[in-house]
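In what follows, a single structure is set out as structure tokens and then discussed.
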Amino acid sequence: MTAGSPPSHLFATMLARVQTAAGAVLGSAADLARIVVEPPRDPAHGDMATNAAMVLAKDAGLKPRDLADKIAEALRADSLVEKIDIAGPGFINLTLKAHVWGDALRAVLEQGKQYGRGAIGAGAKINVEYVSANPTGPLHVGHGRGAVFGDALASLLAFAGYDVAREYYINDAGAQVDVLARSAFLRYREALGEAIGEIPEGLYPGDYLKECGEELAKDYGDSLAKMPEDEWLPIVRLRATDMMMAEIRNDLASLRIVPNVFFSERSLIEGELPDPFATEEAPVRPKDVVETTIAQMRELGHVYEGRLPPPKSGNLEDWEDREQTLFRSTAFGDDVDRPLLKSDGSYTYFATDIAYHKSKLDRGFLSLIDVWGADHGGYIKRMKAAVSALSGGKADLDVKLVQLVRLLRAGEPVKMSKRAGDYVTLREVVAEVGRSAVRFDMLYRKNDAVLDFDLAKVIEQSRENPVFYVQYGHARGHSIFRMAQAEMPALASEPAARLEALKMANVGLLTDEGELSIMRKLALYPRLIEAAAVAHEPHRVAFYLYELASEFHGQWSRGKDSPHLRFIIQNDPETTVARLALVQGIVTVLASGLALLGVDAPEEMR
RNA sequence: GCGCUCGUAGCUCAGCUGGAUAGAGCAUCGGACUUCGAAUCCGAGGGUCGGGAGUUCGAAUCUCUCCGAGCGCGCCA
């Protein structure tokens with residue numbers, strides 16, 4: 001990192017000190033990596049608790065509580081520690097010196113937007129592939145969830161110190177894009193004035209191809225209509241997929257999602273195509289890297305000619321026992337070996353996907369994340385097997401499955417027309433409820449849980465609606481600033497000057513239990529970022545923000561019954577400034593987390 | 001039949017990768033607006049963590065086995 005590594009945060013500091021203490025007691029043989037320092041669920045157990053003694057007791061040949069005594073003794077003189085208790089089966093509970101929470105708050109103000117930025121990524125390259133829908137129609141809400149998840153995960157990883165690529169794999173090589181081309185060709189003939197009647201079974205009936213047909217008619221006149229299919233098809237296909245991708249890019253942009261790389265599947269087979277969507281590099285690839293990939297795997301002994309047992313279920317009518325080109329994925333944990341060539345000699349989707357993932361490895365990524373729809377779960381083992389085979393076990397692939405989205409309106413399922421091609425698009429949903437609501441709602445859930453998306457609830461302005469609740473917390477902070485400015489003009493008129501003033505606050509005046517609790521929460525943010533990034537779980541950020549907002553709203557309301565707890569105290573500027581510093585800390589972290597999620601942090605709610 | 005993802009309060013969901021007495025919101029009941037924003041807050045009730053067995057100091061979390069839901073199971077992508 002050129003800007004220097006981020007400052008270590010309180011929990012990382014304490015973990016290191018506990019590890020040092022344990023190491024001093026046990027010697028170098030101890031496995032210190034298993035030690036955890038975490039906030040106890042019960043505040044009565046102090047500020048931090050560590051399991052060090054329980055985890056290491058066996059190796060040490062001591063009872064946990066006896067070991068805890070020794071470790072505690074080594075920590076007794078620590079500059080941050082006020083009090084140490086041994087409790088339960090051998091927890092070491094630490095109560096920290098009073099000033100550490102004020103120090104933590106000051107760190108938030110000092111670091112601003114950088115607060116929480118992590119170093120665990122250490123600049124390592126990581127590749128996040130998401131959406132990757134066929135360019136055969138508009139995105140629907142399920143695609144949107146994958147897109148939002150992948151984008152937020154990428155942002156989270158970047159914040160945690162990784163060098164992140166956001167990638168969209170364009171499935172523009174299969175039979176489905178040929179169907180798209182034929183569908184567009186029909187619209188083209190329609191645009192030329194031909195009566196096309198009903199769209200035949202098997203073609204895409206949606207109206208969205210009409211524009212494509214009209215453009216083709218404008219650019220080519222009737223010349224395409226005179227060609228045989230094998231001549232017009234590539235032309236129409238390219239135009240249609242280009243137009244579809246332009247639409248998809250727009251839809252993604254409306255959610256503030258901008259992949260760095262749009263990677264064309266077809267380019268793996270046919271060589272490099274002009275790629276109008278690449279926003280970054282355009283990797284140069286030789287013609288048919290799928291073939292060379294397969295050849296390389298064959299040399300390594302991972303590919304062979306053989307037969308497969310018949311599938312266990314489904315109809316066996318089409319089943320034909322034949323020798324084919326297979327990837328020995330069973331050697332890497334898969335259930336059966338997987339074919340790479342179809343009976344007509346063309347590549348299976350898996351074959352090109354292997355070549356695609358090899359390209360990621362070739363570009364220096366050892367850490368790969370794929371975000372897929374839940375219906376692709378059966379594909380995970382073979383893809384992991386392929387990555388393992390290609391990298392010699394050096395690269396890691398984590399596949400995040402995104403469950404389906406059930407669209408509701410006020411609790412009732414949204415009626416989807418049976419007619420193919422006519423479904424609720426992502427664009428319609430974003431237009432109706434807005435980007436922030438869509439994004440937060442989709443991230444306020446684990447990726448592998450089914451999501452009920454209620455169009456009525458996500459725009460509701462109440463506690464029931466988490467996005468509103470968190471945004472309101474941020475707005476409430478600014479509302480307090482506005483009020484403070486009105487009542488104490490001397491404080492500061494504009495944000496930058498105010499921030500400087502608040503950095504000087506005497507945060508030692510923040511001694512109320514509610515205030516301390518908020519400061520502890522703020523101190524937890526960097527640790528949360530690390531944990532969420534390691535787990536590849538952006539939803540944790542959303543839940544954290546909700547909890548922080550909740551504590552803030554609570555503290556605010558406490559001031560109603562107890563006026564001395566209000567943020568603004570009329571004739572006590574010193575206390576007021578200290579509390580405004582706390583508000584600044586809250587606002588900073590709320591804004592930081594919301595930014596990671598791609599959700600607006602408004603200064604007032606309207 | 002096999003594989004994957006799940007099963008936590010009446011409902012919708014968290015649970016910090018094995019920690020202490022399992023937590024929120026909604027719903028229900030009871031409170032708080034002369035107020036820096038009541039768009040909010042405080043309190044109460046509500047649980048065999050699907051069932052059972054195992055691993056160990058300790059299990060909602062890990063293993064096994066049943067039950068139930070969803071998804072998938074050459075030549076679709």
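In the text below, chain A, chain B and the rest are named by the order of the sequence lines, each starting its count at 1. Just so it is clear, the model here is predicted, and its values are computed rather than measured.
- Closest to the side chain of Lys381(A), out of rU17(B), rC4(B), rA77(B), is rC4(B).
- Backbone-only engagement by Val450(A) is indicated by non-hydrogen atom pairs under 4.0 Å involving sugar-phosphate atoms exclusively.
- rG68(B) sits 40 Å from rA44(B) when the P atoms are compared, rounded to a whole Å.
- We find that CD of Glu460(A) is positioned 12 Å from C1' of rG25(B), with the value rounded to whole Å.
- Among the heavy atoms of the strands lying under 4.0 Å from Phe543(A) are primed sugar atoms or P, OP1, OP2 only; no base atom is included.
- Here, rG10(B) and rG19(B) have their P atoms 25 Å apart, quoted to the whole Å.
- With the 3.5 Å cutoff on both pairing distances, Watson-Crick and G-U pairs in RNA chain B assemble into runs of at least 3 at B:1-7 with B:67-73, B:10-13 with B:23-26, B:28-32 with B:40-44, B:50-54 with B:62-66.
- At least one side-chain nitrogen or oxygen of Lys342(A) sits closer than 4.0 Å to the OP1 or OP2 atom of rA77(B).
- Nucleotide rC13(B) holds its C1' atom 12 Å from the CG atom of Asp441(A), rounded to whole Å.
- Judged by a 6.0 Å distance limit and a 45° cone about the ring axis, Arg328(A) is positioned over the six-membered ring of Tyr304(A).
- Backbone-only contact: Arg445(A) has heavy atoms under 4.0 Å from sugar-phosphate atoms and none from a base.
- If you check every strand for non-hydrogen atoms under 4.0 Å, Ala173(A) touches nothing.
- Residue contacts shown for Ser479(A) include a base, since a base heavy atom lies under 4.0 Å away.
- For Tyr130(A) and Phe149(A), the gap between ring centers reaches or exceeds 6.0 Å.
- Between the OH atom of Tyr204(A) and the P atom of rA77(B) there is a distance of 11 Å, rounded to whole Å.
- At a threshold of 4.0 angstrom between heavy atoms, the contacts of Phe468(A) include nucleobase atoms, whether or not backbone atoms are also involved.
- Separating the C1' atom of rA14(B) from that of rU61(B) is a span of 14 Å, rounded to the nearest Å.
- The shortest distance between the side-chain N/O atoms of Tyr469(A) and the OP1/OP2 oxygens of rC26(B) is not below 4.0 Å.
- Using a 4.0 Å heavy-atom cutoff across all strands shown, Tyr379(A) reaches at least one base atom of the nucleic acid.
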Can you give me every donor-acceptor pair (side chain of residues 576-585 of chain A, partner residue at least two apart or in another chain, under 3.5 Å) with its distance?
unit_1    : atom_1 : unit_2    : atom_2 : d
Thr576(A) : OG1    : Ile569(A) : N      : 3.0
Thr576(A) : OG1    : Ile569(A) : O      : 3.0
Thr576(A) : OG1    : Asp572(A) : O      : 2.9
Arg579(A) : NE     : Glu515(A) : OE2    : 2.7
Arg579(A) : NH1    : His564(A) : O      : 2.7
Arg579(A) : NH1    : Arg566(A) : O      : 2.7
Arg579(A) : NH2    : His564(A) : O      : 3.2
Gln584(A) : NE2    : Thr588(A) : OG1    : 3.2

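- In this structure, Asp600(A) contributes its side chain and Ser436(A) its backbone to no donor-acceptor pair below 3.5 Å.
- Distance alone, capped at 3.5 Å, places no donor-acceptor pair between the Ser479(A) side chain and the Ala475(A) backbone.
- Residue ring and base: His45(A) counts as stacked with rA20(B) (centre distance below 5.5 Å, interplanar angle below 30°).
- Each of Lys342(A), Arg338(A), Glu305(A) was evaluated against Thr325(A); a single residue qualifies, Glu305(A), per the side chain to side chain donor-acceptor pair (under 3.5 Å) test.
- Within 4.0 Å of Asp454(A), counting heavy atoms only, lies no atom of the nucleic acid at all.
- For rU35(B), the OP1/OP2 oxygens have no side-chain nitrogen or oxygen of Trp556(A) closer than 4.0 Å.
- Here, rC66(B) and rA27(B) have their C1' atoms 34 Å apart, quoted to the whole Å.
- Nucleic acid contact class of Pro339(A) (heavy atoms, under 4.0 Å, all strands): sugar-phosphate only.
- rC2(B) atom C1' lies 16 Å from atom CD1 of Ile380(A), rounded to whole Å.
- Taking all atoms of both residues into account, the shortest heavy-atom contact from Leu455(A) to Arg409(A) is CD1-NH2, 3.4 Å.
- If you check distances only, the side chain of Asn51(A) never reaches the base of rA20(B) with a donor-acceptor pair under 3.5 Å.
- Among the atoms of the strands shown, base atoms are found under 4.0 Å from some heavy atom of Arg566(A).
- Applying the 5.5 angstrom centroid cut-off and the 30 degree plane-angle cut-off, the aromatic ring of Phe91(A) is stacked upon the base of rA20(B).
- As rounded to the nearest Å, rG45(B) and rG30(B) have P atoms that lie 15 Å from one another.
- Among the heavy atoms of the strands lying under 4.0 Å from Ala374(A) are primed sugar atoms or P, OP1, OP2 only; no base atom is included.
- Using a 4.0 Å cut-off, no side-chain N or O of His564(A) falls inside it from OP1 or OP2 of rU35(B).
- Within the 4.0 angstrom heavy-atom criterion, base atoms lie near Ala87(A).
- Atom CD of Glu551(A) is separated from atom P of rG25(B) by 13 Å (rounded to the nearest Å).
- Which of rG3(B), rA77(B), rG72(B) sits closest to the side chain of Glu265(A) comes down to rA77(B).
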